[in-house]
Amino acid sequence: MMELKGKSAVVTGAGSGIGRELALACAREGMDVLLADIDAAGLRDTRAAIEVRGVRVESMLCDVSKPHEVEALADRAWERFGAVHLLFNNAGVGVAGPAWTATLEDWEWTLGINLMGVVHGVRSFVPRMLAQGGEGHVVNTASVAGLVDIAGSAVYCVSKHGVVALSECLHHDLRVAKASIGVSVLCPAYVNTGIGDSARHRPAELAATNPLAAPYDAAVREALRSGRLTAADVARVTLDGVKAGRFYILTHEKIKPAIEARMRDILEDRSPTDVSRPVPGAGKLKGTQT
Ligand SMILES: NC(=O)c1ccc[n+]([C@@H]2O[C@H](COP(=O)([O-])OP(=O)(O)OC[C@H]3O[C@@H](n4cnc5c(N)ncnc54)[C@H](O)[C@@H]3O)[C@@H](O)[C@H]2O)c1
């Protein structure tokens, strides 16, 4: 178990939702925190909530889809704190709609942040964490959507399955290297955060969205509203998981039957079980051509 007090953490996507609560939870543990996001106002609010706790807090605008910006984030972390013990590759966005009408912009935007953002975090931070020596830990935020597959979520599921695979391989690689850096992959189900409004920061050049997204977006928003755990609950479970050295951090126990169904589908040579919620209006769109 890693002692967190007096250590330092970096959190991407710290301007809202789960990232903000992860940063606050780290500060409560007595950690110094570097906050990263593309949302300046969100960063200011998270920073203000942490400053009153008497730990060192820094914030930096950083688009995780840009490798040089993540590298600059790592530079800042080592300049300011001299070490990074806990890295949260957490920034993420959501898109919805059938696989065959997902736009190239949906793919580029979502994979650029959800998957390549984590890749950039691993590439910029892990070599320096190895070089600094001692204990460290990397938490990559995936999702239940990285463990099961849901209708209307091809782009998001691909990005999150990628994060699970990357995290599992990173864990293996670090064990082979006999490094004392742990890895966790965080897989929450629905939590009521800003994720349903991800397009608020979508760049104009990647604005073209899935033309059949609307009923799926509405269903996701409804599911997010009905989420029983808060972002603060997720952060608490995550830090407990880090302290306990847990790899898979599944915050919602009730999703386990869906994961088991997928595993059984594979092992018993069955077609995938549909574990998605009904999406009102989506069936009507099946034949729609755009
Ligand atoms: N909310 C859920 O139900 C849920 C479930 C499973 C997984 N997740 C994952 O949790 C993570 C956090 O999402 P959230 O639910 O807190 O949503 P959120 O929208 O509240 O927070 C995401 C944050 O990421 C930031 N961000 C977006 N693009 C960025 C970029 N290019 N670079 C840096 N920061 C960027 C946003 O500005 C925002 O502050 C995401 O990876 C998401 O996929 C969320």
Side-chain angles (χ1 to χ4, degrees), residues 10-25 34-47 59-70 72-73 88-96 108-121 124 139-148 150 153 155-164 166-167 184-203 205-206 217 219-235 237-238 249-252 255 277:
V10 176
V11 185
T12 70
S16 173
I18 294 170
R20 171 174 291 167
E21 294 298 334
L22 287 170
L24 277 161
L34 172 56
L35 314 168
D37 206 294
I38 50 169
D39 177 357
L43 278 178
R44 265 197 305 277
D45 289 349
T46 306
R47 189 174 172 144
S59 57
M60 186 170 163
L61 283 171
C62 170
D63 179 344
V64 298
S65 70
K66 307 247 163 54
H68 59 279
E69 294 196 17
V70 179
L73 181 69
F88 293 94
N89 288 310
N90 167 78
V93 293
V95 293
E108 188 177 337
W109 182 55
T110 307
L111 293 185
I113 297 169
N114 293 9
L115 179 56
M116 293 311 293
V118 181
V119 171
H120 302 322
S124 290
V139 180
N140 296 328
T141 304
S143 166
V144 166
L147 302 169
V148 299
I150 308 154
S153 292
V155 180
Y156 189 70
C157 284
V158 167
S159 73
K160 294 302 187 177
H161 277 259
V163 173
V164 172
L166 170 59
S167 305
S184 299
V185 64
L186 171 61
C187 299
Y190 293 111
V191 185
N192 200 6
T193 64
I195 191 104
D197 191 23
S198 290
R200 66 196 187 279
H201 302 307
R202 191 163 170 160
E205 67 276 16
L206 298 177
D217 279 338
V220 168
R221 286 208 182 90
E222 181 52 37
L224 290 169
R225 273 193 294 273
S226 71
R228 288 177 53 197
L229 293 191
T230 64
D233 294 328
V234 170
V237 173
T238 305
I249 302 182
L250 273 56
T251 51
H252 297 65
I255 63 143
R277 291 162 172 241

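Atoms within each ligand, like the ligands themselves, are counted from 1 in listed order. Residue indices begin at 1 and follow the sequence shown.
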Any non-hydrogen side-chain atom of [X] less than 4.5 Å from a side-chain atom of [Y]?
X    : Y    : value
T12  : L73  : yes
S124 : H68  : no
S167 : V163 : yes
I249 : V185 : no
R47  : S59  : yes
F88  : V10  : no

Counting each atom of ligand 1 from 1 as listed, which ones have a heavy atom of [X] under 4.0 Å away?
X    : result
D63  : 30 (C), 31 (N), 32 (N)
H201 : 37 (O)
I113 : 28 (N), 31 (N)
C62  : 32 (N), 33 (C)
G15  : 39 (O)
Y190 : 3 (O)
P188 : 5 (C), 6 (C), 7 (C)
G13  : 23 (C), 24 (O), 25 (C)

What protein heavy atom lies closest to [atom]? Include the residue and the distance to one decimal.
atom                    : value
atom 13 (O) of ligand 1 : I195 CD1, 3.9 Å
atom 43 (O) of ligand 1 : Y156 OH, 2.6 Å
atom 27 (C) of ligand 1 : V93 CG1, 3.8 Å
atom 14 (P) of ligand 1 : T193 OG1, 3.3 Å
atom 44 (C) of ligand 1 : I18 CD1, 3.8 Å
atom 18 (P) of ligand 1 : S16 OG, 3.6 Å
atom 9 (C) of ligand 1  : T141 CG2, 3.5 Å
atom 28 (N) of ligand 1 : I38 CD1, 3.6 Å

Determine, considering heavy atoms only, which of G92, A91, G194 sits nearest to atom 22 (C) of ligand 1.
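Result: the heavy atom closest to atom 22 (C) of ligand 1 is in G92.
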Can you check which of A189, A235, G17 brings a heavy atom nearest to atom 4 (C) of ligand 1?
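Among A189, A235, G17, the closest heavy atom to atom 4 (C) of ligand 1 belongs to A189.
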Any N or O of [X] that comes nearer than 3.5 Å to an N or O of ligand 1?
X    : result
D37  : yes
S143 : no
V191 : yes
K160 : yes
A14  : no
N90  : yes
G19  : no
D39  : no

Side chain, backbone, both or neither: which part of R200 comes within less than 4.0 Å of ligand 1 when only heavy atoms are counted?
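Just the side chain.
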Relative to ligand 1, is A142 under 4.0 angstrom through side chain, backbone, both or neither, heavy atoms considered?
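Answer for A142: backbone.
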Quick one: does any side-chain atom of [X] pair with a main-chain N or O of [Y] as donor and acceptor, under 3.5 Å?
X    : Y    : result
K160 : V148 : no
D37  : C62  : no
R202 : L206 : yes

Identify the heavy atoms of [X] and [Y] that sit nearest to each other, and give their distance.
X    : Y    : answer
A189 : I255 : CB-CG2, 3.8 Å
A91  : V64  : CB-CG2, 3.9 Å
I113 : G92  : CG2-CA, 4.0 Å
L22  : N90  : CD1-OD1, 4.0 Å
A235 : A25  : CB-CB, 4.2 Å
H252 : Y190 : NE2-O, 3.4 Å

E108 atom CD: more than 12 heavy-atom contacts under 6.0 Å
no
